[in-house]
Chemist: 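Before I ask anything, here is the structure I am working with.
Values reported hereafter were calculated over all heavy atoms of this structure, with side chains retained and with hydrogens, waters and symmetry mates removed. We count ligands from 1, going down the list as the structure has it; atoms in each ligand are counted the same way.
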Amino acid sequence: AKKLGRNCYQFFEDSMNEEAQERLRIESALRNALVRQEFVLHYQPQLDLATGAIVGVEALLRWQHPELGMVAPQRFIGLAEETGLIVPIGAWVMRTACAQAQAWRAAGLPPLRMAVNLSARQFAQPDLVQSIAAVLAETGLPPACLELELTESLFVDDVARAVALLHELKNLGVALSIDDFGTGYSSLSYLRTFPIDVLKIDRTFVGQIDGDSDQAAIVVSIIALAHNLQLKVIAEGVETAEQLAFLRAHECDQVQGYYFSRPVPAEEFAALAQATASG
Ligand code: C2E
Ligand code: CA
Ligand code: CA
Ligand code: CA
């Protein structure tokens, strides 16, 4: 038993080292990634469930590292958040997504709202509102064409500041959505006082609506809640025709998921949006 214990410990130590080493490697690579232009945005359509039209698009960050290959956001967003690197990276995302949305408008793509994810660190920046206003002015994108995706966790630290900030953002004319709705632990009362436009139902609920009636009940409740509060509701992570049928039957407003398209590079998204509009 002693020997087994030591082996286990050894194994544990090795895997800790590996993890720590990967973290260090990723962190130092992350510091150079912006300069080396290794980030790219992929775009995933959001469809109006009633008309089938693409009405929105979410910008999702990708990191193409020359040696590590394609690094998924889950592997580096947390680290970028801890190190503060998410602030310059997030600013790059905002500029790139808004410039892209404006380029698509100029190219005659059907009107779309560009959704951009905001991290906690960005939300805490004192110049958040000015920096977004500057990007809108610089790119010429009408504020109504930008939607900021926020998670409930951004609101818990300082509710008063969050409310004030959300109002400032609303005054810019941008739309605000709550991402991953239902996974946080915040009270629902903020929904009445916060100037929110959209709830995004987390894909963990959507993914289980065919199998699990509890999850289905949650989805139905979120849709009803949103509509009672005059909010739009988007279901994310829609993968099957059954999920789509369920969401349609329960009058969900918009859908996003692999069933329609994975997040794709800009050119591919533009082709998809053109084809959907003309077909
Ligand atoms: P999220 O904001 O909840 O984004 C949705 C995630 O679900 C994306 O993963 C998307 O590719 C994935 N997804 C979409 N449809 C489906 C589906 O039908 N099935 C499944 N299984 N997955 C689907 P991705 O791109 O890997 O991003 C993961 C997370 O990383 C995002 O979750 C978001 O929290 C974060 N993230 C991505 N880009 C950014 C960014 O620019 N800034 C910040 N702060 N966070 C970002
Ligand atoms: Ca999101
Ligand atoms: Ca989400
Ligand atoms: Ca999510």
Side-chain angles (χ1 to χ4, degrees), residues 30 33-34 38-47 54 56-64 69-101 113-125 128 131-132 135 146-154 175-184 196-210 219 222 233-244 246-247 252 254-266 268-269 272:
L30 204 51
L34 268 178
E38 293 169 352
F39 291 117
V40 40
L41 294 182
H42 282 186
Y43 298 93
Q44 188 177 35
Q46 300 174 329
L47 285 79
I54 298 178
V57 50
E58 180 175 2
L60 291 156
L61 184 59
R62 301 287 179 264
W63 179 17
Q64 286 171 318
M70 184 74 113
V71 189
Q74 243 85 344
R75 275 176 69 199
F76 68 89
I77 293 275
L79 204 54
E81 184 74 30
E82 281 171 40
T83 53
L85 288 166
I86 194 69
V87 174
I89 295 171
W92 177 87
V93 169
M94 187 64 68
R95 245 183 296 118
T96 306
C98 289
Q100 183 63 73
R113 196 140 82 181
M114 175 65 73
V116 175
N117 293 286
L118 271 200
S119 77
R121 277 282 188 122
Q122 283 174 283
F123 198 72
Q125 292 297 301
L128 175 72
S131 72
I132 291 173
V135 169
L146 177 64
E147 181 170 303
L148 304 175
E149 294 197 1
L150 315 160
T151 55
E152 293 159 289
S153 60
L154 305 190
L176 302 177
S177 71
I178 304 293
D179 203 356
D180 305 337
F181 185 77
T183 60
I196 298 296
D197 305 282
V198 180
L199 295 186
K200 289 193 81 174
I201 307 176
D202 191 69
R203 70 167 191 266
T204 53
F205 301 118
V206 177
Q208 295 176 52
I209 49 183
D210 0 72
V219 170
I222 295 176
V233 58
I234 304 186
E236 66 175 17
V238 179
E239 293 184 350
T240 69
E242 290 72 27
Q243 291 162 1
L244 180 63
F246 181 93
L247 292 162
C252 185
Q254 293 176 26
V255 282
Q256 176 181 353
Y258 293 172
Y259 184 70
F260 308 98
S261 171
R262 288 180 175 261
V264 293
E268 221 174 300
F269 179 84
L272 181 73

Chemist: Where the side chain of D197 meets the backbone of L176, is there a donor-acceptor pair that is under 3.5 Å apart?
Modeler: yes

Chemist: What's the shortest heavy-atom distance between F269 and I54, and which atoms?
Modeler: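 Between these two residues, the closest heavy atoms are CZ-CG2, 4.1 Å.
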
Chemist: Going by the order shown, which atoms of ligand 1 are within less than 4.0 Å of some heavy atom of E239?
Modeler: 17 (C), 18 (O), 19 (N), 20 (C), 21 (N)

Chemist: Would you say V40 and H42 make side-chain contact, with heavy atoms under 4.5 Å?
Modeler: yes

Chemist: Kindly identify the option in R203, R62, Q44 whose heavy atom sits closest to atom 12 (C) of ligand 1.
Modeler: R203

Chemist: Judged by atom type as modelled, is there a donor-acceptor pair below 3.5 Å linking the side chain of R121 to the main-chain atoms of L85?
Modeler: no

Chemist: If you measure from each non-hydrogen atom of R262 to ligand 1, which part falls under 4.0 Å: side chain, backbone, both or neither?
Modeler: neither

Chemist: Tell me the protein N, O or S atoms under 3.0 Å from the Ca ion (ligand 2), in chain and number order.
Modeler: E58 OE2, N117 OD1, E149 OE1, D179 OD2

Chemist: Check each atom of ligand 1 against the heavy atoms of E236 and keep those under 4.0 Å away; list them by number with element.
Modeler: 3 (O)

Chemist: If you count the atoms of ligand 1 from 1 in the order shown, which ones are under 4.0 Å from a heavy atom of G257?
Modeler: 15 (N), 18 (O)

Chemist: Would G237 count as a contact residue for ligand 1, given that I'm defining contact as a non-hydrogen atom of the residue lying under 4.0 Å from a ligand atom?
Modeler: yes

Chemist: Under 3.5 Å, is there a donor-acceptor pair between the side chain of Q208 and the main chain of T204?
Modeler: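 Judged by distance alone, yes, a pair lies under 3.5 Å.
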
Chemist: Nearest to atom 38 (N) of ligand 1 by heavy atom, L61, T183, I77: which?
Modeler: L61

Chemist: Between T83 and A80, is there a donor-acceptor pair closer than 3.5 Å when you use the side chain of the first and the backbone of the second?
Modeler: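 Yes: the side chain of T83 pairs with the backbone of A80.
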
Chemist: Classify the contact between L41 and ligand 1 as side chain, backbone, both or neither, using a heavy-atom distance cut-off of under 4.0 Å.
Modeler: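 No part of L41 comes within reach of ligand 1.
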
Chemist: Between S119 and ligand 1, which residue portion shows a heavy-atom distance shorter than 4.0 Å: side chain, backbone, both, or neither?
Modeler: both

Chemist: Please round to the nearest 0.5 Å and tell me the distance separating atom CD1 of I178 and atom CD1 of I234.
Modeler: 12.0 Å

Chemist: Can you confirm whether S153 sits close enough to F123 that some side-chain heavy atom of one is under 4.5 Å from a side-chain heavy atom of the other?
Modeler: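 A side-chain contact is absent here, since even the closest heavy-atom pair is not under 4.5 Å.
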
Chemist: Would P263 count as a contact of ligand 1 if the rule is a heavy atom under 4.0 Å away?
Modeler: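 Distance cut 4.0 Å: P263 passes for ligand 1.
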
Chemist: Indicate the ring-plane relationship of W92 and F39, choosing parallel, tilted or perpendicular according to the 30° and 60° boundaries.
Modeler: tilted

Chemist: One residue to check: D180. Relative to ligand 1, which of side chain, backbone, both or neither has a non-hydrogen atom less than 4.0 Å away?
Modeler: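 Within the 4.0 Å criterion, D180 contacts ligand 1 through side-chain atoms alone.
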
Chemist: Counting only heavy atoms closer than 4.0 Å, does ligand 1 sit against the backbone of V93, its side chain, both, or neither?
Modeler: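 It is the side chain that gets close, since no backbone atom is under 4.0 Å.
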
Chemist: Would you say the side chains of K200 and Q256 form a donor-acceptor pair under 3.5 Å?
Modeler: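 Yes.
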
Chemist: Got a donor-acceptor contact below 3.5 angstrom from the Q125 side chain to the Q122 backbone?
Modeler: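 A pair under 3.5 Å: no.
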
Chemist: Short question: side chain of Q44, backbone of S261 - any donor-acceptor pair under 3.5 Å?
Modeler: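 Present.
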
Chemist: Hey, what do you get for SG (C252) to CD1 (I201), rounding to the nearest 0.5 Å?
Modeler: 5.0 Å

Chemist: Counting only heavy atoms closer than 4.0 Å, does ligand 1 sit against the backbone of Q256, its side chain, both, or neither?
Modeler: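 Neither part.
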
Chemist: Number the atoms of ligand 1 from 1 as they appear, then name those within less than 4.0 Å of a heavy atom of E58, with their elements.
Modeler: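 So the answer, numbered in order with elements, is 2 (O), 4 (O).
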
Chemist: How does V116 reach ligand 1, by side chain, by backbone, by both or by neither, if only non-hydrogen atoms under 4.0 Å count?
Modeler: neither

